[in-house]
There are 2 protein chains.
Amino acid sequence: MDSGKKYRETRQRKVILEELAKVTSHPSAEDVYEMVRRRLPRISLGTVYRNLEVLLETGKIQRLVSGASQMRFDGNAQPHCHVRCQRCGRIDDANLDELEAQLACLKEMGSVLARKTSFEIVGQSIEFVGLCPRCKKKR
Amino acid sequence: MDSGKKYRETRQRKVILEELAKVTSHPSAEDVYEMVRRRLPRISLGTVYRNLEVLLETGKIQRLVSGASQMRFDGNAQPHCHVRCQRCGRIDDANLDELEAQLACLKEMGSVLARKTSFEIVGQSIEFVGLCPRCKKKR
DNA sequence: GTGTCTGCAAACCATTTGCATCGGT
DNA sequence: ACCGATGCAAATGGTTTGCAGACAC
């Protein structure tokens, strides 16, 4: 996964990307595996995982929030924002105390979404994703 | 995990909550285990997991975005918002096309955060959390 | 006393990895 | 021919679960 690697265009990689493009659901790796398998019956799950990683790295696809595989908990049950470091997983609180305007805006987004998607929004668990100061340096 | 259960206040549960309240980091279950173990050396990891679940359910603590344990991918590499169902994990796109105001607001939040936290914000991976139409009904 | 909770260990399941081989360039 | 990519299977690691005994109410 070195950034200095020249990736090849393999049949598998191409098909995975095509299948992902066809669909507006947000499939899991296993789902992608099933989708792709209809066209490449001999592909392996491992290959799917490896290719998803490459496609992420080359910006062709997106991984939904929470790149980290392990869950994190917060003793503060109040809804608030977080910033998560893409690279090391570090999470900071985003103090929004002084950001009345932004908070109001979030609330409004919530209600707009509720209307447009018929979801009942129970909270804004919002994470911005970025690079923390330390990882920023050593890039 | 039935919602019709009367939870008891056990020593373990209390200590876990206390330790979580002490701290502004966002510990993983394993981290919580280590923290609590200093006070209750015989507690087990399983107990920590079960109690975190209960504390979530009773709203005493919060779980950071992405309640689901498996990752989801998106063929659309453009930054956009999602709504995720707390109960069944279903994810919908939140079409923000018509929401110029909100999008602008998000951008501003990003830059405010960048300033306040010294993170370099690379994208707004935003998820609202709620109940999807189906799960809303059968609650 | 009843029914929840605990510790322990085994089970689970998504993801990762080692290895020999294959295939793109 | 080189080196990345694949298939397969085994390993990993976070989380869950079954069970017998302990504890809260």
Side-chain angles (χ1 to χ4, degrees), chain A residues 1-20 26-58 60-61 63-73 84 88-89 91, chain B residues 1-20 26-58 60-61 63-73 84 87 89 91:
Chain A
M1 211 58 47
D2 279 325
S3 353
K5 227 189 221 175
K6 44 174 186 304
Y7 295 117
R8 295 172 182 168
E9 168 153 346
T10 62
R11 191 150 170 50
Q12 291 84 336
R13 192 162 296 163
K14 201 151 139 276
V15 171
I16 288 173
L17 187 51
E18 285 171 7
E19 290 301 314
L20 262 172
H26 300 82
S28 63
E30 192 81 33
D31 294 335
V32 174
Y33 176 52
E34 289 307 330
M35 290 156 59
V36 169
R37 217 135 79 97
R38 294 200 292 266
R39 292 173 56 188
L40 303 174
R42 296 193 52 73
I43 197 174
S44 78
L45 227 201
T47 298
V48 171
Y49 274 103
R50 280 182 284 227
N51 275 307
L52 287 172
E53 208 57 54
V54 170
L55 291 171
L56 282 170
E57 180 142 354
T58 52
K60 303 276 180 52
I61 66 172
R63 166 155 50 197
L64 298 203
V65 177
S66 187
S69 54
Q70 80 183 344
M71 281 173 182
R72 306 295 204 98
F73 299 86
R84 156 176 255 136
C88 71
I91 298 173
Chain B
M1 210 59 46
D2 279 326
S3 351
K5 226 189 222 174
K6 42 174 187 302
Y7 295 117
R8 293 173 182 169
E9 169 154 343
T10 62
R11 192 150 169 52
Q12 290 82 338
R13 190 113 84 213
K14 200 150 140 277
V15 171
I16 288 173
L17 187 52
E18 285 171 7
E19 290 300 313
L20 262 172
H26 299 84
S28 64
E30 192 82 34
D31 295 336
V32 174
Y33 177 53
E34 289 307 330
M35 290 156 59
V36 169
R37 218 134 78 98
R38 295 199 291 267
R39 291 174 57 189
L40 302 175
R42 296 194 51 73
I43 198 174
S44 78
L45 226 201
T47 297
V48 170
Y49 274 105
R50 279 182 286 228
N51 275 308
L52 286 172
E53 209 56 52
V54 170
L55 292 171
L56 282 171
E57 179 142 355
T58 52
K60 303 274 180 53
I61 65 172
R63 165 155 52 198
L64 298 203
V65 178
S66 185
S69 54
Q70 85 186 339
M71 280 174 182
R72 306 296 202 98
F73 299 86
R84 157 176 255 137
R87 185 152 312 178
I91 298 173

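Letters go in sequence order (proteins before strands), and every chain restarts at 1. Hydrogens, waters and symmetry mates are skipped; everything else that's a heavy atom, side chains included, is used. As the structure is a prediction and not an experimental result, all values here were calculated from the model.
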*Asks:* Sort me out a list of protein N/O and nucleotides 20-25 of chain C N/O pairs below 3.5 Å, or just none if empty.
*Replies:*
from	atom 1	to	atom 2	distance (Å)
dG23(C)	N2	Arg8(A)	NH1	2.2
dG24(C)	N2	Arg8(A)	NH2	3.1
dT25(C)	OP1	Glu9(A)	N	3.3

*Asks:* Given atom OH of Tyr33(B) and atom C1' of dG13(D), what is their separation to the nearest angstrom?
*Replies:*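 Tyr33(B) atom OH is separated from dG13(D) atom C1' by 15 Å.
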*Asks:* Can we say Glu34(B) and Arg37(B) salt-bridge, meaning some charged N sits less than 4.0 Å from an Asp/Glu carboxylate O?
*Replies:*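 Arg37(B) and Glu34(B): salt-bridged.
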*Asks:* If you check the Arg13(B) side chain, which of dC5(C), dT6(C), dT15(D) turns out closest?
*Replies:*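 Closest nucleotide to the Arg13(B) side chain: dC5(C).
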*Asks:* Whole angstroms only, please: what is the CD-P distance between Glu53(A) and dA14(C)?
*Replies:*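 My rounded result for the distance is 17 Å.
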*Asks:* Measure the distance from CG on Asn51(A) to P on dT15(C) and round it to the nearest whole Å.
*Replies:*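 That distance rounds to 15 Å.
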*Asks:* Atom NZ of Lys14(B) and atom CG of Leu40(B): how far apart are they, to the nearest 0.5 Å?
*Replies:*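 Going from NZ on Lys14(B) over to CG on Leu40(B), the span is 10.0 Å.
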*Asks:* As an exercise, state the distance from NZ of Lys60(B) to CG of Leu52(B), rounded to the nearest 0.5 Å.
*Replies:*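 It is 13.0 Å, given to the nearest 0.5 Å.
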*Asks:* Distance from Arg39(B) atom CZ to Glu18(B) atom CD, nearest 0.5 Å?
*Replies:*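 It comes to 4.5 Å.
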*Asks:* Report the residue from Ile43(B), Leu17(B), Val48(B), Val36(B) that forms a side-chain contact (heavy atoms from CB on, under 4.5 Å) with Gln12(B).
*Replies:*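 Going through the options one by one, the only one that passes is Ile43(B).
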*Asks:* Distance from Asn51(B) atom CG to Glu57(B) atom CD, nearest 0.5 Å?
*Replies:*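 Asn51(B) CG to Glu57(B) CD: 12.0 Å, rounded to 0.5 Å.
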*Asks:* Measure the distance from CD on Glu30(B) to C1' on dT16(D) and round it to the nearest whole Å.
*Replies:*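 After rounding, the gap between these two atoms is 14 Å.
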*Asks:* When rounded to the nearest 0.5 angstrom, what is the spacing between CG in Leu55(B) and CZ in Arg13(B)?
*Replies:*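 Rounded to the nearest 0.5 Å, the CG-CZ separation comes to 6.5 Å.
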*Asks:* How many Å lie between CG on Leu52(B) and P on dT17(D), as a whole number?
*Replies:*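 So the two atoms are 15 Å apart, to the nearest Å.
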*Asks:* Which heavy atom of Ser44(B) sits nearest to which heavy atom of Tyr33(B), and what is that distance?
*Replies:*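 Shortest heavy-atom contact: C-CE1, 3.7 Å.
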*Asks:* Before giving the answer on side chain to side chain contact (heavy atoms under 4.5 Å, CB included), spell out for Val32(A) and Glu19(A) the whole-Å C-alpha distance, their side-chain angles and the decisive distance to 0.1 Å.
*Replies:* CA-CA 8 Å; Val32(A) 174; Glu19(A) 290 301 314; 5.8 Å; no
*Asks:* Can you find a donor-acceptor N/O pair under 3.5 angstrom joining the side chain of Arg50(B) to the base of dG7(C)?
*Replies:*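 Between dG7(C) and Arg50(B), which were checked side chain against base, a qualifying N/O pair under 3.5 Å is present.
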*Asks:* What's the OH-C1' distance between Tyr49(A) and dT12(D), to the nearest Å?
*Replies:*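 Rounded to whole Å, this separation is 13 Å.
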*Asks:* For DNA chain C, which residues in residues 38-46 of chain B have a heavy atom at a distance below 4.0 Å?
*Replies:*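 Heavy-atom contacts with DNA chain C come from Arg42(B), Ile43(B), Ser44(B).
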*Asks:* Any donor-acceptor pair, under 3.5 Å, between the side chain of Arg37(A) and the base of dG7(D), if you only look at N and O atoms?
*Replies:*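 It does not, because no donor-acceptor pair links the side chain of Arg37(A) to the base of dG7(D) below 3.5 Å.
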*Asks:* Can you tell me how far C1' of dG14(D) sits from CG of Asp31(B), to the nearest Å?
*Replies:*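 After rounding, the reported distance stands at 12 Å.
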*Asks:* Can you tell me if Gln12(B) touches the phosphate of dC23(D), counting only side-chain N or O atoms and a distance under 4.0 Å to OP1 or OP2?
*Replies:*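 Gln12(B) to dC23(D) OP1/OP2: no side-chain N or O under 4.0 Å.
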*Asks:* Take atom NZ of Lys14(A) and atom C1' of dT6(D), then tell me their distance rounded to the nearest Å.
*Replies:*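 After rounding, the gap between these two atoms is 17 Å.
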